[in-house]
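Remarks on the structure that follows.
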Amino acid sequence: MPWVAVEGGITRQRLILATAGTMLALLLAALDQTVVGTALPRIVLELHGVELYPWVITAYLVCSTSMTPIAGKLGDLFGRKPVLLVAMIGFLGGSALCGLAGTMTQLIIFRAFQGLFAGFIFGTVFSVVADLYPPQQRGKIQGLLGSVFSVASILGPPTGGLLTDYVSWRWVFYVNVPVAIVAVLFVAVAMPYSRSKASWRDFDFRGAAALIGFMAPLMVALSLARGQGWASPLVDSLLVLAAVMLGAFLFIESRTATPIVPLWLFKIRSFTIPVLIVMFTAFGMFATIIYGPLLFQGVLGLSPTFSGALTIPMSLGQISAAVATGFAMQHIARYRWLGVLGIAFMVMGLWNLSAVNVNTDRLTAIGDVLMIGLGLGTTYPLTMLTVQNSLPRQVVGVASGQVQFFRAVGGTFAVAILGTILTQHWSGDLQSEINLPSLPAQLSVLANALHYVYLTAGLLVCAGLVGSLFLREAKLAAAKPAREAVQEPAVALPGEPVFVNANATTAAVATGPVAANGLGATVEGVIERVGLKYVASLEALERARAECISDLRAVAAETAKVYESQLAAKDQEIAGLTRRAEAAERQRTELDGRIYGLEDELQKHQADLRGLIQELQVMAEATERDRVAVHRLAGLVSEPAGSLNSSPGVPGDYRGGNSK
C-alpha cells in the first residue's frame with residue numbers, strides 16, 4: 001500500500017483529522033489498560049467472582065497480544081483504513097458489552113472480545129504514520145503517538161476511580177463509546193484509502209492459527225506462574241504446549257509465500273535490534289509501574305494517594321522524551337546515540353531504585369522515576385522509525401506490529417519473572433506491612449526483595465543498552481550526512497559511475513605547487529581552497545552514495561526474497577495446474593479411444609443386424625410361400641370328389657382312382 005504524503009494530494013485539514021483519529025484510537029486501547037484496573041475491586045465485589053479476578057486481565061492481554069502481528073499483516077494486504085475502522089468499531093462494541101456484563105464469566109468473555117480489537121488497534125496505528133507521512137516527517141508523529149501511552153497512564157487511574165466512585169463501574173467501559181465514535185468519524189472521512197489487489201487467499205490462516213496457539217498458552221502460563229509458581233504442572237504443561245506450537249508456527253512460516261511474520265526480517269539488523277530494545281526496556285517500565293507504588297508505600301511509608309502521584313513524573317518524562325526524540329531524529333544522522341543515552345538513563349534510575357531504603361529521600365526517588373521515564377520515552381520513536389524507514393513498503397505493517405508485539409511480550413515476561421523474584425525474597429503480607437510502617441525488620445525484608453527486583457530489571461535493560469550500540473540508523477531526507485569516512489563499495493551497481501578515491505584527490509590538491517608571492521600565490525591559494533571544498537563535497541557525496549547503495553542492496557535483496565518466494569508459490573501452483581491439465585488430457589485420450597471402439601462395435605452390430613434382417617425377410621417370404629401352398633392344399637383336400645372330377649385342369653388320373 002503506497003504511503004500518501006501531504007504533497008501527494010491529501011489536504012492539510014484531512015491529514016490533521018486522520019492523525020487525530022489515529023491518536024484517539026490508540027488512546028482508547030491504551031486508556032482501557034489503565035482505567036479498568038482501578039475499577040476491578042468494585043467489579044469483583046458486585047459480580048461475586050473473586051476467584052476469576054486475574055482472568056479479566058489475562059483474557060484481554062492474551063487476545064490483544066496475539067492479534068497485534070495479525071493486524072499488521074492484514075493492514076499490509078488490505079490497507080490500514082479498513083482494518084483500523086473495523087478495529088475501532090469492534091472495540092466500541094466490546095466496550096458496550098463489558099458495561100452490560102451481569103456475571104464475571106460474561107465480563108471475561110467480553111473483555112477477550114474487546115482485547116481482540118485492541119490488538120488490531122495496536123498493530124495498525126503506528127503503521128498509519130508510514131502511510132500518511134514521508135520519512136523525514138515521521139519522527140515527530142511517532143513521538144506524539146508514543147506519548148499517548150504516558151497520557152493514558154496519567155489519566156487512566158484517576159478517571160477510573162472517579163467514574164467508579166461517583167457514577168458506576170460500568171461507565172469505565174461506556175466512556176469509550178463517544179470517544180470511539182469521534183475517532184471512527186475522523187478516520188472514515190479523512191484517512192485516504194488505497195485499493196488493494198490482495199485477496200483472502202493471500203492471508204496465511206494456518207500461520208495465524210499457529211501463532212494464536214503459541215501465544216495463548218504462553219501468556220496464560222506466564223500469568224499463572226505469578227500465583228502457582230514455575231513448578232506448577234499446569235504452568236509447565238502450558239509452556240510445553242506453547243513450545244510445540246512455536247515450532248509449528250516457525251515450520252509453517254518458513255514454507256508459505258505470504259507469512260504472517262516473514263522470518264527473514266530477523267536477519268536484518270535494523271529490525272532485530274529495535275525488537276530487542278523494546279522487549280528488554282519493557283522490564284524497566286513494568287518494574288516501575290507495578291512495583292513503584294509498593295516501594296513508595298511499603299518502604300518510604302507514603303500514602304496510597306501520594307505514592308500513586310509519584311508515577312506521574314515517569315509519565316511526564318516519557319511524553320517529553322518521546323516528543324523531543326521524534327523531533328531530534330529529523331536533524332541528527334547518528335540518532336542511535338539518543339537511544340544509548342536514554343536507555344543508560346533507565347539503567348541508572350533502576351539501579352538507584354534498587355538501593356532505596358527507609359532513609360532514602362523522597363525527592364531522590366522521584367528523580368529516579370523521572371530518569372526511567374525519560375529513557376523509556378526515547379525508545380518509542382527511535383525503534384518504530386528505524387523499522388519503518390529501513391524495510392520494504394510491503395512489510396511495514398508486519399514489522400511495526402512486531403515492535404508492539406515484542407513490547408507486550410516483554411512486559412508479560414517482566415511481570416512473571418519479577419513477580420517470582422519478589423515472592424522468593426519476600427513472603428510477607430503487603431497490606432499488613434504497609435499499614436504498620438513502624439516495623440523496621442519487616443520493611444527491611446521488603447526493601448531487600450525490591451532491591452533484587454529492580455536490580456534484575458536493570459540488568460535486563462542493560463541488554464537493550466548494548467543492543468542500541470549496534471542499531472543501524474535509517475536514512476532520513478532531513479538528516480545531516482555523517483562526517484566519518486565510508487569505504488567505497490566493492491561492486492558498483494550496473495549503470496552507476498565509479499568515483500575516484502576522494503582522499504587521494506585531496507592529497508594531490510594539497511601538495512600541488514603554490515606560487516611564492518604575488519598574484520600567482522593568491523590565485524593558487526584560491527584554487528586550492530576551492531579544490532579542497534570541491535573534494536570535501538565529493539567525499540560527502542561519495543559517502544552518501546555508498547550508504548544509499550548499501551541500503552538499496554539490502555532492500556533489493558529482501559524484496560527479491562519476497563518475490564522469489566511468491567514466484568515459487570506461483571510456480572508450484574502452475575505446476576499443479578499443468579499436472580491436472582495433463583491428467584485431463586490423458587483422460588480425454590482414453591475416452592476418445594473408448595468412443596472409437598464403441599463406434600466400431602456399433603457398426604459391426606449394425607452390419608449383423610442388417611444381415612439378420614435380410615435373413616428374416618427371406619425366411620418371411622419362404623414362410624409366406626409355404627403358407628400359401630398349405631392354404632391351397634388345404635382347399636383341395638376339403639372339396640368333394642365330384643367336384644374334383646369336374647374341376648378343370650385336373651388330370652384324369654386323379655379322378656376317383658386309375659383312369660384305366
Side-chain angles (χ1 to χ4, degrees), residues 33 51-70 108-109 111-112 115-116 118-119 122-123 204 206-254 259-261 263 265-266 272 275-276 278-287 289-291 401-427 449 452-453 456-457 459-461 463-464:
Q33 293 180 323
E51 69 281 358
L52 299 176
Y53 181 97
W55 290 101
V56 178
I57 301 174
T58 302
Y60 183 91
L61 185 63
V62 169
C63 293
S64 62
T65 305
S66 301
M67 289 298 108
T68 300
I70 296 175
I108 292 171
I109 295 173
R111 282 288 285 173
L116 290 175
F122 287 133
D204 181 17
R206 294 187 304 164
L211 178 62
I212 296 173
F214 159 61
M215 286 305 304
L218 175 64
M219 303 294 281
V220 173
L222 294 177
S223 300
L224 294 177
R226 287 175 283 172
Q228 300 185 14
W230 294 95
S232 167
L234 178 59
V235 173
D236 293 340
S237 300
L238 290 172
L239 290 176
V240 170
L241 176 60
V244 172
M245 294 307 299
L246 175 60
F249 174 71
L250 295 177
F251 178 82
I252 293 172
E253 296 301 275
S254 63
I260 295 292
V261 182
L263 300 182
L265 287 176
F266 294 92
T272 305
V275 162
L276 292 176
V278 299
M279 187 170 66
F280 284 111
T281 53
F283 281 84
M285 177 176 67
F286 280 86
I289 292 175
I290 295 177
Y291 300 108
Q402 286 297 302
V403 174
Q404 291 299 109
F405 172 74
F406 277 95
R407 179 179 281 118
V409 171
T412 307
F413 273 101
V415 173
I417 294 174
L418 298 180
T420 302
I421 293 174
L422 181 69
T423 304
Q424 290 177 347
H425 292 87
W426 176 61
S427 58
Y452 288 105
V453 168
T456 302
L459 291 174
L460 290 171
V461 173

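What's counted below: heavy atoms across the whole structure, side chains too, no hydrogens, waters or symmetry copies. Starting from 1, each residue takes its place in the sequence as its number. Since this is a predicted model, take the numbers as computed values, not measurements.
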> Atom CE of Met67 and atom CZ of Phe405: how far apart are they, to the nearest 0.5 Å?
Replying inline: 10.5 Å

> Which atoms form the tightest heavy-atom contact between Met215 and Ser66, and what is the distance?
Replying inline: CB-OG, 3.2 Å

> Taking only residues two or more places apart in sequence, or in another chain, which ones meet Arg111 in a salt bridge (charged side-chain N to carboxylate O under 4.0 Å, His left out)?
Replying inline: Asp32

> Tell me, do Leu239 and Leu218 make a side-chain contact under 4.5 Å, heavy atoms counted?
Replying inline: yes

>> As an exercise, state the distance from CD1 of Ile417 to OG1 of Thr456, rounded to the nearest 0.5 Å.
In response: 9.0 Å

>> Minimum heavy-atom separation for Pro69 and Gln402, please, with both atom names.
In response: CB-NE2, 3.1 Å

> Which atoms form the tightest heavy-atom contact between Leu418 and Ala287, and what is the distance?
Replying inline: CD1-CB, 3.6 Å

>> Around atom CZ of Phe266, are there more than 12 heavy atoms from other residues, nucleotides or ligands closer than 6.0 Å?
In response: yes

>> Quick check: closest heavy atoms across Leu61 and Ser64, and the distance to 0.1 Å?
In response: O-OG, 3.2 Å

> Do side-chain atoms of Thr65 reach the backbone of Val62 as a donor and acceptor pair under 3.5 angstrom?
Replying inline: no

>> I need the Leu238 CG to Met219 CE distance, nearest 0.5 Å.
In response: 13.0 Å

>> Are the side chains of Phe283 and Phe413 in contact, using a 4.5 Å heavy-atom criterion?
In response: yes

> At what distance, to the nearest 0.5 angstrom, does OG1 of Thr68 lie from CZ of Arg407?
Replying inline: 11.0 Å

> Measuring from Leu246:CG to Leu241:CG, what's the distance to the nearest 0.5 Å?
Replying inline: 11.0 Å

>> Is any side-chain heavy atom of Ile252 closer than 4.5 Å to one of Ile260?
In response: no

> Could you give the distance from CG (Leu211) to CZ (Arg206), rounded to the nearest 0.5 Å?
Replying inline: 14.5 Å

> Which pair of heavy atoms, one from Ala414 and one from Ala282, lies closest together, and at what distance?
Replying inline: CB-O, 4.2 Å

>> I need the minimum non-hydrogen distance between Val278 and Val275, along with the two atoms involved.
In response: CG2-O, 3.1 Å

